[in-house]
Amino acid sequence: MPFPNPFPALSNRNDDAPLLGSAPLEPQLMRRRRIFVVVLLLMMGLVGVCSLVILITSGDGGEDWTPSGEDDDKCPSPKEVSEYLKARRPEEGRPTLRGVHEGVSEKSFGKGRLGAIPYPWTKKMLAWQRTGYHFQPQKNWMNDPNGPLFYKGWYHFFYQYNPSGAVWGNISWGHAVSKDLINWRHLPLAMVPDQWYDINGVWTGSATILQDGQLVMLYTGSTNTSVQVQNLAYPADQSDPLLINWVKYSANPVLVPPPGIMDHDFRDPTTAWLTPERKWRIIIGSKINKTGISLVYDTMDFKTYEMLDGVLHAVPETGMWECVDFYPVSEVENEGMDTSVNGPKVKHVVKTSLDDDRNDYYALGTYDSEAGIWTPDDPSIDVGIGLRYDYGIFYASKTFYDKKLRRRILWSWIKETDSEKSDIQKGWASLQAVPRTIVFDMKTGSNILQWPVKEVERLRRNRIVFDKVEVTAGSVVPLDVVSTSQLDIVAEFKVDEEALKRMNVNGSDSSYSCQKSGGAAERGALGPFGLLVLASKHLIEQTPIYFYISKDTKGNFKTFFCADHSRSSQANDVDKEIYGSTVPVLKDETLSMRILVDRSIVESFGQGGRSCITSRVYPTRVACEDVKIFLFNNATDARITASLQIWQMSSASIQ
Ligand code: DQQ
């Protein structure tokens with residue numbers, strides 16, 4: 001029997017068409033056809049002209065934004081910029097939504113300044129933005145860290161990656177290896193969306209190293225109908241230290257959304273830990289109505305799973321939990337712990353990335369492994385409503401246990417906060433924070449400490465020391481440092497004792513917050529004071545990182561650690577928020593900060609990493625001018641003494 005034609009209406013449609021050189025058509029028919037051709041050509045011409053106009057004026061997808069006549073090796077002058085911007089239309093800055101339709105958080109930067117007209121970056125300025133010692137792919141889009149691990153002598157890093165462009169989409173797993181977490185070698189993609197169960201994206205996942213040393217990877221796939229499912233993958237050759245080839249399990253998916261959970265709300269499995277019954281346990285992020293939850297599953301073989309009753313933890317009004325993480329920290333030692341460790345003097349961290357506000361929150365608590373119950377130490381700062389890993393741009397983070405150096409390492413995605421059009425123009429978007437070690441803060445007992453991995457210090461060069469520099473109230477002191485935009489700065493600040501005593505107890509500052517304040521320009525009796533980094537020579541652009549001390553109505557001091565992006569860039573279409581939080585300062589402690597400046601990224605660590613702020617900034621001047629650093633003290637009534645060590649930072653080898 002012949003195979004039935006699936007398109008009967010189109011079959012043999014050219015059978016009656018005249019062949020070239022065959023008998024002439026009737027004159028009337030010819031005339032009609034000529035009129036038709038003329039009308040068609042006119043319409044095509046009109047469409048062509050319209051498209052050209054749209055193309056010229058819309059600046060979509062990689063068009064050159066350089067003002068005409070401007071040399072790409074220069075920075076445009078303020079006059080050229082303003083003339084260029086005057087000639088653009090407001091709709092050119094309209095953001096494109098990315099990811100929301102597919103059921104994940106917004107991947108393009110959509111708040112604040114977006115809608116403003118894209119800045120006319122030149123190639124030289126965009127080249128300056130690329131970092132020297134942060135991990136980033138050679139080109140295109142990246143987001144979450146995936147399955148980090150140490151395996152047969154190599155640190156492996158996988159990440160959400162779009163191989164075909166600088167915007168979120170076609171999500172695959174990029175892969176790189178390193179001996180020291182700083183210098184990296186890019187490897188071929190580990191996984192691409194090529195199966196029905198991940199054709200809409202090989203999304204975030206985690207690695208587990210089994211007791212016999214075998215490695216398994218669980219990841220979320222977005223299926224052909226955009227349902228979020230969990231899949232199993234493993235190395236094709238477990239003896240390959242570079243883990244080049246990956247096999248997707250033939251019976252994937254291993255988990256589908258359970259009853260009561262929406263198809264779009266089931267993602268990002270964690271590293272598994274061993275239960276007292278020697279089963280492997282994982283959690284997966286989800287939500288029910290507006291309550292963020294972590295679903296719990298047990299497995300023996302990572303192929304079949306038992307869903308446990310209840311959840312590991314849930315917090316009302318926190319919305320969808322993405323990229324959940326769960327791990328132990330020692331209360332008495334500064335070493336990290338394998339994910340399966342529990343016992344006396346061990347606390348457990350639950351971390352979530354909140355889809356609703358796109359920040360990473362954590363809480364410390366106690367995990368009863370027998371009962372499978374985690375209880376937060378302080379419910380008033382529960383997961384998603386209390387502490388954050390970082391008060392700047394830092395999302396979708398994930399930890400792993402580094403058994404080589406017995407430490408827990410945190411990776412995190414730093415997204416772009418400029419317009420998508422600028423990302424397309426520069427050909428890449430996003431990067432990873434410098435990996436951080438995580439330990440429990442034994443002094444406060446109420447938070448973790450994050451600190452850049454010690455290997456980054458190998459990039460330090462040419463230390464300059466400034467000892468006890470006095471900065472009087474309302475002054476700015478330039479620091480004589482070679483112009484460079486790659487720095488590691490360690491600074492300590494002492495506030496004049498008399499000023500502390502003088503500060504009146506009327507609580508006038510008691511409602512201070514970094515975000516709601518006027519930033520580094522708002523003056524109080526005891527702050528702000530700190531450093532201006534990535535500053536242009538006349539301070540037209542500057543990124544202040546600073547402390548601010550307030551006193552509440554009961555007479556207690558409260559210290560804030562903030563980063564002000566409002567003057568970081570003269571571009572209008574970039575984020576200009578003020579970030580930060582309170583930071584615990586114990587009696588007799590000096591105020592301290594460490595700042596890693598790496599071109600367009602500034603990572604700041606207050607009080608030894610009790611409070612961290614990552615700044616993604618887009619200066620327009622420093623690509624062409626000297627880069628300056630200043631101490632500043634904008635307090636009205638306090639003298640500050642600052643001692644600093646500043647190193648230039650070499651670039652890492654990332655090939
Ligand atoms: N990114 C992945 C998801 C995850 C989200 C998709 C967080 O698995 O929930 O790229 O940024």
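Note that the coordinates shown come from a computational prediction; the quantities given were computed from them, not determined experimentally. In listed order, ligands and their atoms are each counted from 1.
- No heavy atom of Thr220 sits closer than 4.0 Å to any atom of ligand 1.
- Residue contacts with ligand 1, taken as heavy atom pairs separated by less than 4.0 Å, do not involve Asp355 at all.
- Under a 4.0 Å N-O distance rule, the pair Lys287/Asp356 does not qualify as a salt bridge.
- Taking a cutoff of 4.0 Å between a charged side-chain nitrogen and a carboxylate oxygen, Lys398 and Asp144 do not qualify as a salt bridge.
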Passes ring pair (Phe, Tyr, Trp, His ring centres under 6.0 Å), Trp246 versus Tyr219? Steps please.
CA-CA 13 Å; Trp246 286 81; Tyr219 71 92; 9.6 Å; no

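- If you number the atoms of ligand 1 from 1 as listed, the ones under 4.0 Å from a heavy atom of Trp168 come out as 10 (O).
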Side chains of residues 255-263: which donor-acceptor pairs under 3.5 Å do they make with residues two or more places apart or in other chains?
none

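- Polar contact with ligand 1: present for Asp268 (N/O pair, distance under 3.5 Å).
- Considering only non-hydrogen protein atoms, atom 7 (C) of ligand 1 sits nearest to Asp144 OD2, 3.0 Å.
- Regarding atom 11 (O) of ligand 1, its nearest protein heavy-atom neighbour is Lys107 NZ, 2.4 Å.
- Note on ring orientation: taking the six-membered ring where Trp is involved, the planes of Tyr161 and Tyr159 are perpendicular (angle over 60°, cut-offs 30° and 60°).
- Atoms of ligand 1 lying under 4.0 Å from any heavy atom of Gln160, numbered from 1 in the order shown and given with element: 2 (C), 6 (C), 10 (O).
- We find that Lys248 and Asp198 are joined by a salt bridge, their nearest charged nitrogen and carboxylate oxygen being less than 4.0 Å apart.
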